[in-house]
Visitor: 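This is the structure, below, for whatever I ask next.
Atoms considered below: every heavy atom in the structure, side chains included; atoms not considered: hydrogens, waters and symmetry mates.
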Amino acid sequence: MVSCIGRVSKMRGFCTFISRPLLFLLLHFTLVQCDITDGNAEHLKREHSLMKPYQGVGSSPSSQWDFWGSTLVTSSYVRLTPDERSRQGSIWNTVPVYLKDWEMHVQYKIHGSGKKNLHGDGIAIWYTKERLHPGPVFGNQDHFVGLALFVDTFRNDLHGMDRSFPYIYAIVNNGSLPYDHGNDGRNSELGGCSSEIRNKDHDTYLAIRYSKGRLTVMIDIDDKNEWKECIDIGGVRLPTGYYFGASAATGDLSDNHDIISMKMYQLMVEHTPDEDSLDWTKIEPSVSLLKSPKDNIDDPTGNFRSTPLTGWKVFLLLLCALLGIVVCGVVGAVVFQKRQERNRRFY
């Protein structure tokens, strides 16, 4: 089975191939990603998409997007914050998402007059239980419930020099974890990548895909119609009925944080009868594997668990054990034979 989705105007997308029964033993745990030609406009969910000329944006009862704070809606972009200090802004979809498998494409631009390392703070893309709750985390509330993807342009952790900024990373939270500003969210980060996204002459893009428990984030910062992988992690559980939004914040340093479009696509994926029978609105956001930049971390709150042994890991462990037994047996036989020959010389 092949599941594909993309943006209509450009070749921006990726697809996941699931092995057939004949290749089950070899490819059961394998995912292959590739670029495709966009042509799935019929799967675009307009009620969850933000596009020019931004009709349906406002505070009226019929609006599908609502905004707050310093957000300015123009005919060309939605500016979450201007290049001014101490500003916060956000824009939120008013319609909850009841799709089990989806892909969100975000076209954005971060630019300003600040020189290197003198700009901040960045943009956050949200898929959360609650919407329009201003707070200290890139303009949104702390202890959020759901998924957040941060495009972080300012380094707070002066000791974490193994990560260069701007840095893009994801966090899944069930509401129990506070965002650690001092460490730039490092303690609860699922994974991430560095990306030079500021002051480009063109717009930049990211795609967030959630399908069958797998979260994948792809980026295109060079405007070459090519996705590059940033995050790919399995074992992620996200419910339906949450809201998409985007927020940004500035502090002592600032930038223009612009959203040009947010396009939501439905992924046509088959699920097992057991999966279909679940009440997906009752699922608690969680992830079975927390990948930190250094190693895996077991969170004491129980929000995350350490890595389970997959089929490939069990196979490799058994193979290594078998090879070790064979090597020990051969070495033992050689040593035994040499001792026997030595003993015969004395008789």
Visitor: What heavy-atom pair brings Glu47 and Asn93 nearest, and what distance separates the two atoms?
Guide: O-ND2, 3.1 Å

Visitor: Check the hydrophobic clustering (I, L, V, M, F, W, Y; side-chain heavy atoms under 4.5 Å; chains of links allowed) and say if Leu149 and Ile260 are grouped together.
Guide: yes

Visitor: What heavy-atom pair brings Asp223 and His202 nearest, and what distance separates the two atoms?
Guide: CB-CD2, 3.5 Å

Visitor: Are the side chain of Asp222 and the backbone N or O of Lys224 linked by a donor-acceptor pair below 3.5 Å?
Guide: no

Visitor: Under the side-chain hydrogen bond (donor to acceptor under 3.5 Å, both in side chains) test against Tyr167, which residue among Glu189, Arg155, Arg186 passes?
Guide: Glu189

Visitor: Has the side chain of Ser49 got a donor or acceptor atom that lies under 3.5 Å from a matching backbone atom of Lys45?
Guide: yes

Visitor: Just by distance, do the side chain of Asn183 and the backbone of Gly185 share a donor-acceptor pair under 3.5 Å?
Guide: no

Visitor: Would you tell me whether Ser188 and Asp180 have side-chain atoms, one donor and one acceptor, within less than 3.5 Å of each other?
Guide: no

Visitor: In terms of side-chain heavy atoms, does His181 have a donor or acceptor partner in Asn156 at a distance below 3.5 Å?
Guide: no

Visitor: Taking all non-hydrogen atoms of both residues, which atom of Asp157 and which atom of Asp184 are closest, and how far apart?
Guide: N-OD2, 2.9 Å

Visitor: Can you see which heavy atom on Ile168 is nearest to which on Ser195, and at what distance?
Guide: CD1-CB, 3.9 Å

Visitor: Could you please spell out the steps behind the ring pair (Phe, Tyr, Trp, His ring centres under 6.0 Å) verdict for Trp126 and Phe144?
Guide: CA-CA 9 Å; Trp126 305 91; Phe144 62 90; 5.1 Å; yes

Visitor: Just do the side-chain hydrogen bond (donor to acceptor under 3.5 Å, both in side chains) check on Ser194 and Ser164 with the steps written out, would you?
Guide: CA-CA 6 Å; Ser194 299; Ser164 61; 2.9 Å; yes

Visitor: Is a side-chain donor-acceptor pair under 3.5 Å present for Thr94 with Asp66?
Guide: no

Visitor: Identify the heavy atoms of Tyr179 and Val137 that sit nearest to each other, and give their distance.
Guide: CB-CG2, 3.7 Å

Visitor: In terms of ring plane angle, is the pair Tyr169 and Phe150 parallel, tilted or perpendicular, where the classes change at 30° and 60°?
Guide: tilted

Visitor: If hydrophobic clusters are built from ILVMFWY residues whose side chains come within less than 4.5 Å, do Ile221 and Leu206 share one?
Guide: yes

Visitor: When you compare the side chain of Phe165 with that of Thr153, does any pair of heavy atoms fall below 4.5 Å?
Guide: no

Visitor: Give a yes-or-no answer on whether the side chains of Asp101 and His271 include a donor-acceptor pair shorter than 3.5 Å.
Guide: yes

Visitor: Do Leu80 and Asp258 come close enough that some side-chain heavy atom pair is under 4.5 Å?
Guide: no

Visitor: Under 3.5 Å, is there a donor-acceptor pair linking the side chains of Asn140 and Ser247?
Guide: no

Visitor: Are more than 12 heavy atoms, taken from residues, nucleotides or ligands other than Asp252, located less than 6.0 Å from that residue's CG atom?
Guide: no

Visitor: Applying the side chain to side chain contact (heavy atoms under 4.5 Å, CB included) criterion to Thr250, which one of His257, Gln88, Glu84 satisfies it?
Guide: His257

Visitor: Take atom NZ of Lys200 as the centre, draw a 6.0 Å sphere, and report whether it contains more than 12 heavy atoms from other residues, nucleotides or ligands.
Guide: yes

Visitor: Looking at Gly112 and Asp83, what are the two nearest heavy atoms and their distance?
Guide: CA-OD2, 3.4 Å

Visitor: Go through the side-chain N and O atoms of Asp274 and Thr272 and say whether any donor and acceptor fall under 3.5 Å apart.
Guide: no

Visitor: Could you state the interatomic distance from OG1 (Thr240) to CD1 (Ile283), rounded to the nearest 0.5 Å?
Guide: 7.0 Å

Visitor: Does the side chain of Gln107 pick up a donor-acceptor pair with the side chain of His105 at under 3.5 Å?
Guide: no

Visitor: For a side chain to side chain contact (heavy atoms under 4.5 Å, CB included) check, start with the C-alpha distance between Leu44 and Met51, then their side-chain angles and the critical distance, and finish with the verdict.
Guide: CA-CA 12 Å; Leu44 176 68; Met51 299 177 290; 4.2 Å; yes

Visitor: Rounded to the nearest 0.5 Å, what separation is found between the CG atom of Asp203 and the NZ atom of Lys109?
Guide: 5.5 Å

Visitor: Hydrophobic cluster membership, with links at side-chain heavy-atom distances under 4.5 Å among I/L/V/M/F/W/Y: are Leu99 and Val95 in one?
Guide: no

Visitor: Pick out which of Tyr243, Tyr242, Tyr210, Trp92 makes a ring pair (Phe, Tyr, Trp, His ring centres under 6.0 Å) with Tyr127.
Guide: Tyr242

Visitor: Flag the pair His133 / Trp68 as yes when their ring centroid distance falls below 6.0 Å, and as no otherwise.
Guide: no

